[in-house]
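Note: hydrogens, waters and symmetry copies are ignored here, and every other heavy atom, side chains too, is used. Numbered from 1 within each chain, the chains take letters A, B, ... in sequence-line order. All of these numbers come straight from a predicted model, not from anything done at the bench.
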Number of protein chains: 2
Amino acid sequence: MAGPHAIFPNLRVRSRERDLAAGQTLFRTGQRTIGAYQVLSGRVRLARVDRSGRETVLYTAGSGDMIAEASLFSSIYHCDAIASTAAKVRLYAKEGVLAEFKRNPEVAKSFMTRLARQVMDLRTRMELRNIHSARDRVRHYLALHAGADGATVAVKGTLKELAAELGLTHEALYRTLARMAAKAEIKRLDGRIIRMRALAASEADRS
Amino acid sequence: MAGPHAIFPNLRVRSRERDLAAGQTLFRTGQRTIGAYQVLSGRVRLARVDRSGRETVLYTAGSGDMIAEASLFSSIYHCDAIASTAAKVRLYAKEGVLAEFKRNPEVAKSFMTRLARQVMDLRTRMELRNIHSARDRVRHYLALHAGADGATVAVKGTLKELAAELGLTHEALYRTLARMAAKAEIKRLDGRIIRMRALAASEADRS
DNA sequence: CGAGTGATTGACTTAGATCAATGACCGTGG
DNA sequence: CCACGGTCATTGATCTAAGTCAATCACTCG
């Protein structure tokens, strides 16, 4: 959970913090947009309610995540935002941000950069989720997150969190890592995972 | 596949079409960026090659998808782009686009809008992929894509494509739909799926 | 009219989800 | 200072839904 860094690091865009109790609504579909938010702590879910009255979760934002970016370019919110846990959020007021974009193209550019990176990240994650085998998913993740040496992967946060990011149950992840370690495909030291034989890892696949 | 609409509908940003043969490289990691591309037909994959020489696919772009948006803000490409099939792409030259952004904030804004929407879309898809049960995944999808009446879902493309989007095998999708239809949870007419009893769909879950 | 593809269904297998239990750690309040 | 409640890490046993392989039928396209 690296402490959430500000969305607009370079400049003082008008922003305001707000605390939410669990279950509290941040905004609702149809309300006029006042800006985008960054979740500083806790979890906030975006959801839509269909005609039948049941809620469909679109996304659950955790610490550091931004929500309602698109609201900067729209006059009303298109989904509801509700705090799933007690949470703290920072509001970036729409007019302030847009005015700053117009005034200062560099800020607009850095925001676009941020969005573009997010798109890439998300696509990468999607591709990961398309891999069905837990082992291959882990391999893919390790390959993508290897440090400069191509072998060492620093695990940020807990393994449970990693499991969630990989779309696996934590048990499945533990087992997969254990099996890979048993086969000397990886080694584990404290918070790091070392990929051994990054080469030639396609054969010898008996459990 | 709905004909790909131009990325910059409003104005004539310098763009150029290019045809790729299957297997042909569009760009490689480390090359200087010349711009972003939109895939007009065929499929282009983004991939990284790890130190061991094996390729990890980050994303496969189909007709209408944009790739390398982030390259507009970076001086080098960070992954390889290779045509998986014969393909046609449109290049939006970096300088032209960036200059236009600076000159015309509205264009920048519309591009940001596009990126923001993409982020939201991707997050929504991610949330979908977090659902493990095929049936619930289909339900979630239907709820999200219901038309104005809250019940009718127009299926764009083939069911196989839908299966891919849902992250299911086509067999699994066929079976799930068949089962839901058998239980009168949905009805199917030509290309549409009608959600019956959108309400009260949580009980009665025997196969 | 055959080749290619989508849609569909059957049979079988298995990987991963689920349920469950244990040990290590950690902070905290009494 | 230590016992207790909570969470993470780990492993075992079991079950089932979804993947895999395979076959069939309907269509469409040259």
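Counting to the nearest Å, the P atom of dT20(D) and the CG atom of L173(B) are 15 Å from each other. Per the geometry, CG belonging to L159(A) stands 17 Å off P belonging to dT7(D), to the nearest Å. Taking atom CE on M180(B) and atom C1' on dT8(C), their separation rounds to 17 Å, with Å as the unit. Computed from coordinates, the I131(B) CD1 to dA17(D) P distance equals 16 Å when rounded to whole Å. Separating the NZ atom of K160(B) from the C1' atom of dT5(C) is a distance of 7 Å, rounded to the nearest angstrom. If you measure from atom CG of L177(A) to atom P of dC8(D), you get 16 Å, rounded to the nearest angstrom. If you take CG of D190(A) and P of dC25(C), they are 14 Å apart, rounded to a whole angstrom.
Between dG6(C), dT10(D), dT8(C), one nucleotide has an atom nearer to the side chain of R188(B) than all others, and that is dT8(C).
In this structure, D121(A) has no side chain to side chain donor-acceptor pair (under 3.5 Å) partners at least two apart in sequence or on a different chain. Residues passing the side chain to side chain donor-acceptor pair (under 3.5 Å) test with Q31(B): none are found, sequence neighbours excluded. Residues meeting the salt bridge (Lys or Arg N to Asp or Glu O under 4.0 Å) test with K94(B), sequence neighbours left out: none. Residues satisfying the side chain to side chain donor-acceptor pair (under 3.5 Å) criterion with R28(B), sequence neighbours excluded, are T25(B), D80(B). With sequence neighbours left out, the ring-ring contact (aromatic ring centres under 6.0 Å, His included) criterion links F73(B) to no other residue. Residues meeting the ring-ring contact (aromatic ring centres under 6.0 Å, His included) test with Y174(B), sequence neighbours left out: H170(B).
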Worksheet item: Going through the checks in order, is the side chain to side chain contact (heavy atoms under 4.5 Å, CB included) test met by F101(A) and M112(B)?
Response: CA-CA 11 Å; F101(A) 285 166; M112(B) 282 192 263; 3.6 Å; yes
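Axis angle, first five pairs versus last five pairs of the helix from dC1(C)-dG30(D) to dG30(C)-dC1(D): 40°, rounded to 10°.
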Worksheet, complete the sentence: Protein heavy-atom contacts under 4.0 Å, written 5' to 3' over nucleotides 9-19 of chain C as B (base), S (sugar-phosphate only) or - (none), form the string BBB----SSBB
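Residue pairs meeting the ring-ring contact (aromatic ring centres under 6.0 Å, His included) criterion with at least one member in residues 124-167 of chain A, sequence neighbours excluded: Y141(A)-H145(A).
The 12-atom threshold is exceeded at CZ of R129(B), counting heavy atoms of other residues, nucleotides or ligands nearer than 6.0 Å.
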